[in-house]
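Reviewing the structure listed below.
Keep in mind that what you see is a predicted model, and the values were worked out from it rather than measured. Chain A is the first sequence line, chain B the second, and so forth, proteins listed ahead of strands; every chain is numbered from 1.
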Protein chains: 2
Amino acid sequence: MENKTERFEKLLVKNGLKRTAPRLQVLEILSGRDSATSQPYLEQVMGKDADRVTLYRVLQAFEEKGIIHKVLDQQGTANYAICSDGCSAHEHHDEHVHFNCDNCHKIYCLDSVKIPALKVPVGFKVEHLNLIATGLCANCSDKVN
Amino acid sequence: MENKTERFEKLLVKNGLKRTAPRLQVLEILSGRDSATSQPYLEQVMGKDADRVTLYRVLQAFEEKGIIHKVLDQQGTANYAICSDGCSAHEHHDEHVHFNCDNCHKIYCLDSVKIPALKVPVGFKVEHLNLIATGLCANCSDKVN
DNA sequence: ATGTTAATGCAATTATGTTGCAAATATAGG
DNA sequence: CCTATATTTGCAACATAATTGCATTAACAT
């Protein structure tokens with residue numbers, strides 16, 4: 001199996017980004033989590049390893065290249081998750097449902113759930129759909145019962 | 001036809017809120033628009049008529065009472081719209097689709113469009129759905145063509 | 001090895017949101 | 001109409017989040 005860091009390095013090069021420590025660290029953190037990661041959490045984990053400004057810029061660059069996508073939770077806080085294959089700078093294929101757990105506050109990308117087509121009033125042209133469900137995730141609804 | 005201001009005053013009293021100038025002004029502004037109104041826009045329009053802090057508190061009170069509902073746009077900015085009848089402090093019936101126009105940036109409440117039921121993975125319990133569509137609104141798609 | 005370009009870190013600035021408190025105001029009751 | 005009371009407002013201070021410019025550093029092509 002291919003080394004994880006190697007994969008990340010290729011990913012960066014493929015997108016014309018240099019292989020730098022903060023970028024690799026962000027990819028490392030994001031890939032190790034099963035749900036989207038909030039900007040404040042990233043900031044905390046990176047600590048003094050990288051400047052806050054650098055983090056902003058890394059995330060912005062990744063988003064532009066289609067390496068990660070941003071999901072806003074109900075409070076408007078930005079959360080980031082690595083895009084599944086098939087995303088690019090030109091087109092994000094992240095029109096899956098996001099699930100924001102009321103209990104643990106994690107945000108899951110439900111890649112398998114597609115957003116159904118929508119009937120909108122005449123004249124409106126839908127480009128993208130963004131659906132966030134809230135409730136209890138599988139983990140938390142287990143614990144509660 | 002009943003006077004608009006009278007209606008607003010009744011609305012406030014019904015919700016146990018005093019009839020104050022900033023509150024009436026917010027209702028006036030929101031009701032005069034065909035789309036949701038951003039917090040920064042409200043702040044700008046109210047100008048020196050009300051303090052920034054007061055605006056925050058008015059909006060918060062209105063939201064708690066179910067008089068208005070908040071929609072976050074793609075940038076995470078809060079937008080507010082008057083709730084249709086049937087909303088209350090206990091239950092918001094605002095699970096309609098919101099439409100964020102890429103051109104004019106207005107946010108429309110598409111009250112007529114209901115969010116279709118969703119199949120989620122086993123274990124997940126959906127409480128609320130929040131769907132924002134982006135694209136061109138009727139107005140803008142007219143102009144473009 | 002080295003030159004060029006991209007990326008980082010720092011400082012300063014701006015924007016955004018929150019809290020405590022004193023002054024002002026709405027309204028209920030006399 | 002006047003007054004008592006609780007709510008609401010406005011101000012000041014503070015806290016947090018995001019952005020910009022610039023000098024320094026680091027990546028990497030040659």
Side-chain angles (χ1 to χ4, degrees), chain A residues 5-29 36-65 67-68 70-80 89 105, chain B residues 5-29 36-65 67-68 70-80 89 105:
Chain A
T5 305
E6 276 175 27
R7 270 197 295 118
F8 294 154
E9 295 182 350
K10 280 184 189 166
L11 185 59
L12 291 177
V13 172
K14 192 178 75 180
N15 285 284
L17 299 171
K18 290 183 177 171
R19 185 201 60 91
T20 67
R23 287 175 177 164
L24 287 171
Q25 200 182 349
V26 168
L27 289 175
E28 195 67 48
I29 296 172
T37 303
S38 72
Q39 204 274 344
Y41 176 87
L42 277 168
E43 203 171 311
Q44 186 200 314
V45 172
M46 312 254 306
K48 59 161 196 47
D49 292 350
D51 192 81
R52 228 161 55 84
V53 177
T54 299
L55 179 56
Y56 278 112
R57 293 193 272 225
V58 166
L59 293 172
Q60 187 183 309
F62 283 3
E63 202 189 354
E64 279 168 8
K65 299 295 186 177
I67 296 173
I68 62 178
K70 169 158 58 173
V71 197
L72 299 177
D73 65 19
Q74 304 305 56
Q75 281 72 245
T77 305
N79 286 255
Y80 296 91
H105 301 108
Chain B
T5 306
E6 276 175 25
R7 269 197 296 119
F8 293 153
E9 294 182 350
K10 280 184 187 165
L11 185 59
L12 290 177
V13 171
K14 194 178 76 180
N15 284 285
L17 299 172
K18 290 185 176 169
R19 185 200 61 91
T20 68
R23 286 174 179 165
L24 288 172
Q25 200 182 348
V26 167
L27 290 175
E28 194 67 48
I29 296 171
T37 304
S38 74
Q39 203 273 345
Y41 176 86
L42 278 168
E43 203 171 311
Q44 185 201 312
V45 172
M46 312 254 306
K48 57 161 198 49
D49 294 348
D51 192 81
R52 226 160 52 85
V53 177
T54 300
L55 178 57
Y56 277 110
R57 292 193 273 225
V58 167
L59 293 172
Q60 188 183 307
F62 282 4
E63 202 188 353
E64 279 168 7
K65 299 295 186 179
I67 296 173
I68 61 178
K70 171 160 55 173
V71 198
L72 300 178
D73 65 19
Q74 304 304 55
Q75 282 71 246
T77 305
N79 287 254
Y80 296 91
H105 302 107

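Contact between the side-chain N/O atoms of A/T54 and the OP1/OP2 oxygens of C/dG9 is found at a separation under 4.0 Å. Residue A/T20 has a polar side-chain atom (N or O) positioned under 4.0 Å from OP1 or OP2 of C/dT8. Contact between the side-chain N/O atoms of B/R52 and the OP1/OP2 oxygens of C/dG17 is not found at any separation under 4.0 Å.
The base of C/dT25 is not paired with the side chain of B/K18 by any donor and acceptor separated by under 3.5 Å.
Listed here is the closest heavy atom pair of B/Q74 and A/L72: O-CD1, 3.5 Å. Closest non-hydrogen pair, B/L55 versus B/M46, comes out as CD1-CE, 4.5 Å. Taking each heavy atom of A/R19 and A/L12 in turn, the nearest pair found is CA-CD1, 3.8 Å. When all heavy atoms of A/T77 and A/N79 are compared, the pair lying nearest together is O-ND2, 3.1 Å.
Between A/R57 atom CZ and C/dT5 atom P there is a gap of 19 Å when expressed in whole angstrom units. With rounding to whole Å, A/L55 atom CG is found 15 Å from C/dA7 atom P. The distance between atom CZ of A/F62 and atom C1' of C/dT8, rounded to the nearest whole Å, is 14 Å. Whole-Å rounding puts the B/Y56 OH to D/dA15 P distance at 17 Å. Note: CD (A/E64) to C1' (C/dA6) measures 14 Å, nearest angstrom. The CD-P distance, from B/Q75 to D/dA17, rounds to 19 Å in whole Å. Atoms CG (B/D49) and C1' (C/dA24) sit 17 Å apart, rounded to a whole Å. The CD atom of A/E63 sits 13 Å away from the P atom of D/dA18 (whole-angstrom rounding).
Taking every side-chain heavy atom of B/D51 into account, D/dG10 is the closest of D/dT19, C/dT8, D/dG10. Here the side chain of B/R19 is nearest to one of C/dG9, C/dT27, D/dT19, namely C/dT27.
Residue whose closest nucleotide on DNA chain D sits further toward the 5' end, between A/P40 and A/L17: A/P40. Comparing A/E43 and A/V53 by the nucleotide of DNA chain D that holds the closest heavy atom to each, the one mapping nearer the 5' end is A/E43.
Using a 4.0 Å heavy-atom distance criterion, B/A50 is classed as a sugar-phosphate-only contact.
Inter-residue side-chain proximity for A/T54 and A/T20 is flagged as unmet; no heavy-atom pair is nearer than 4.5 Å.
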